[in-house]
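Counting from 1, the numbers follow the sequence of the chain as shown.
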Amino acid sequence: MLNFTKTFVIVLIIVPILISAHDMSLHMYIGSQTFDVWQEFDPEFYNALVSAQAGWQSTPTTDYSKLMLLKFYYIGLTLPDLFKGEGGQIFIFYIDKQS
C-alpha cells in the first residue's frame with residue numbers, strides 16, 4: 001500500500017509538469033528569466049527590457065511605454081504557441097480563407 005501511495009503522489013506531481021511543458025506561461029517565465037540573450041544581439045532593447053522589468057517589479061509605474069514593451073515582448077514569446085496543434089489549424093484556415 002505504501003508503494004502505491006508513493007507512486008500515486010509522484011504521478012500527481014510529474015503528470016501536470018509534463019502536460020504543461022509547452023504551455024504559454026512556461027515561455028513567458030523562461031523569457032522573463034533570460035533577458036541576457038538580447039544583451040549582445042541588441043543592447044538598446046536589452047537595456048529597455050531590464051529597466052522596464054525592474055521598474056515594474058519594484059512599484060507599478062505610470063510609464064505605460066515600459067508596460068507595453070513587456071506586454072508585446074511576452075506576446076511575441078507566446079505567438080509560436082498559437083500556431084501549433086489544433087489552434088494552429090484554426091489560424092491557418094483563417095489565413096488561407098483571407099488569401
Side-chain angles (χ1 to χ4, degrees):
M1 182 68 178
L2 187 58
N3 281 337
F4 175 75
T5 306
K6 283 183 180 179
T7 305
F8 184 70
V9 169
I10 290 172
V11 167
L12 282 178
I13 292 171
I14 292 177
V15 168
I17 291 171
L18 292 176
I19 290 173
S20 67
H22 299 288
D23 190 22
M24 288 186 199
S25 61
L26 180 68
H27 284 158
M28 290 176 64
Y29 174 75
I30 292 172
S32 71
Q33 302 300 312
T34 56
F35 289 150
D36 295 341
V37 299
W38 291 100
Q39 192 167 11
E40 290 182 24
F41 182 72
D42 189 352
E44 186 178 351
F45 182 64
Y46 168 76
N47 291 332
L49 277 175
V50 170
S51 67
Q53 186 75 13
W56 189 254
Q57 284 180 344
S58 61
T59 56
T61 180
T62 56
D63 185 4
Y64 293 108
S65 63
K66 291 181 179 181
L67 176 63
M68 290 293 120
L69 173 70
L70 290 174
K71 178 181 178 178
F72 286 106
Y73 176 71
Y74 291 129
I75 288 172
L77 289 175
T78 59
L79 194 59
D81 293 324
L82 298 175
F83 292 106
K84 72 175 191 185
E86 189 176 320
Q89 297 301 321
I90 294 169
F91 282 107
I92 290 170
F93 171 77
Y94 284 114
I95 289 171
D96 289 341
K97 188 175 180 180
Q98 296 296 323
S99 300

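- Considering only residues two or more places apart in sequence or on other chains, Y46 meets the side-chain hydrogen bond (donor to acceptor under 3.5 Å, both in side chains) condition with D36.
- For F72, the ring pair (Phe, Tyr, Trp, His ring centres under 6.0 Å) criterion is met by no residue, not counting sequence neighbours.
- In the displayed structure, E44 atom CD is contacted under 6.0 Å by at most 12 heavy atoms of other residues, nucleotides or ligands.
- Partners of F35 by ring pair (Phe, Tyr, Trp, His ring centres under 6.0 Å), not counting sequence neighbours, listed by chain and number: Y73.
- Residue S51 comes nearest to K66 through the heavy atom pair O-NZ, 4.1 Å, listed as atom of the first residue, atom of the second, then distance.
- Atom CZ of F45 sits in a crowded spot, with more than 12 heavy atoms from other residues, nucleotides or ligands closer than 6.0 Å.
- Here the shortest heavy-atom pairing between A52 and L69 reads CB-CD2, 4.1 Å.
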